[in-house]
2 protein chains.
Amino acid sequence: MSTRQAEVLRAAIELLDEVGLDALTTRRLAARLGVQAGALYRHYPSKRALLDAMVEHIVAEAGAGPPPDGDWAAQLRTLAKGMRRGMLAHRDGARLMATFQAPGEAARASFEALVGLLVRAGATREDAAVGIDTLVCFVNGFAVEEQARGAGAPRDRAFEAGVDVILSGIRTSILV
Amino acid sequence: MSTRQAEVLRAAIELLDEVGLDALTTRRLAARLGVQAGALYRHYPSKRALLDAMVEHIVAEAGAGPPPDGDWAAQLRTLAKGMRRGMLAHRDGARLMATFQAPGEAARASFEALVGLLVRAGATREDAAVGIDTLVCFVNGFAVEEQARGAGAPRDRAFEAGVDVILSGIRTSILV
DNA sequence: ACCTGAACACCGTTCAAGT
DNA sequence: ACCTGAACACCGTTCAAGT
């Protein structure tokens, strides 16, 4: 990944935070880089490809940090909070993820890590995948709705309560 | 609601199914109606307003049908399946819902109905709201991901397994 | 390697004017 | 009441040509 490509990506994410997804335009991005719109196509083959790179970047930065400690439930709770925080960290972050298509490297890796966590706690691989799928879909669905509703009241408590419902479902219907 | 407005809405939903959300353009919609693009603004003040009306229509048609029977869990399972079916019934239906902002009349009513169901099963109103919120966010998140991944393998079993995890979480952590 | 200039085929929206 | 015609200020993308 060339330095210039990384600069384009960084500028795109900054622009997203400033103007939102709907106003994130190749022409505006080019202007911010002091360049003509067509020049962007040296670095990304399409706007779609750039958006995908942004998603990947945001997922990776959300999945960073030390692995949490505690039992499997405490770890999943921490990781779920981190995923939500990562999406809310950027304007329209959740909606950007939702428009995404292919799971991508970082997303797949973090999914596998979560499944492994439940397997180590005693679940079969299939059951673990169901549990993680449920949790991940909830987190995504929650963040999309939360961000769509605008800056309204903080929904931290509601989010954690939802995570707890799912963790308790995993405990009673998936783990031995 | 004038007849012509209803025709515009119907044409918009047909066009969505044919070309998808990204190609759903005021000009294409106008062409399908045999009219100039500007004429649409007699019936909807903006494309956003038209999209909102489409969401409302789809939500309402998904929430139609007789109330299911069985205990609360069987009823929630049936309703969750219906919500997912409603979103998948139209091309990019899930993504369209996700771009939506205000909850809207139909959505609010169906949320209240679901909460009432859990209250009758013995939950407090707050706990019931948490449970329903969890289920609804999961359903939306699941459908968004499912539709984003394209027509791939049917995910009926994965969906129902996820619903069951949440129902079992509601049973053990919310109900008396 | 990176960018310009200019074009192409589009967008959503507005508004006077028509019937 | 509903629509036309025409414009305005934009889009994403391509591509020869420059440095």
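Every chain is numbered from 1 and lettered A, B, ... according to where its sequence line falls, protein lines coming before strand lines.
- One can place CD of B/Gln36 at 6 Å from C1' of D/dT4, the figure rounded to the nearest angstrom.
- Taking atom P on both D/dA9 and C/dA9, the two are 22 Å apart, rounded to the nearest angstrom.
- Ion pairing between B/Asp156 and B/Arg84 holds under the 4.0 Å rule for side-chain N and carboxylate O.
- Here the straight-line distance linking atom OG1 of B/Thr124 with atom CD1 of B/Ile174 works out to 8.0 Å at 0.5 Å rounding.
- Between A/Glu14 and A/Arg10 there is a salt bridge, since a side-chain N of the basic residue sits under 4.0 Å from a carboxylate O of the acidic one.
- With respect to B/Arg155, the salt bridge (Lys or Arg N to Asp or Glu O under 4.0 Å) criterion is satisfied by exactly one of B/Glu146, B/Glu145, B/Glu160: B/Glu145.
- We find that OH of A/Tyr44 is positioned 15 Å from C1' of C/dC2, with the value rounded to whole Å.
- Checked against B/Leu76 for a side chain to side chain contact (heavy atoms under 4.5 Å, CB included), the options B/Ile166, B/Val163, B/Leu118 give a single hit: B/Leu118.
- To the nearest angstrom, P of D/dA9 lies 21 Å from CG of A/Asp22.
- Rounded to an integer number of Å, the gap from A/Leu29 CG to C/dC3 C1' is 15 Å.
- To the nearest 0.5 Å, the span separating NZ on B/Lys47 from CG on B/Leu24 amounts to 5.5 Å.
- Among the duplex regions that DNA chain D forms, those built from at least three successive Watson-Crick or G-U pairs under 3.5 Å are C:4-8 with D:12-16, C:12-16 with D:4-8, ordered by first number.
- Side-chain nitrogen and oxygen atoms of A/His43 include none within less than 4.0 Å of the OP1 or OP2 phosphate oxygen of C/dA1.
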Pull out every protein N or O sitting under 3.5 Å from an N or O of nucleotides 12-16 of chain D, one pair per line with the distance.
unit_1	atom_1	unit_2	atom_2	d
D/dG12	OP1	A/Thr26	N	3.3
D/dG12	OP1	A/Lys47	NZ	2.8
D/dG12	OP2	A/Thr26	N	2.8
D/dG12	OP2	A/Thr26	OG1	2.5
D/dG12	N7	A/Arg27	NH1	2.5
D/dG12	O6	A/Arg27	NH1	3.0
D/dT13	OP2	A/Tyr41	OH	2.5
D/dT13	OP2	A/Lys47	N	2.9
D/dT13	O5'	A/Tyr41	OH	3.0

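- Contacts classified as ring pair (Phe, Tyr, Trp, His ring centres under 6.0 Å) and involving residues 46-95 of chain A (residues at least two apart or in different chains) are not found.
- With rounding to the nearest 0.5 angstrom, the CE atom of A/Met97 is 4.5 Å from the CE atom of A/Met87.
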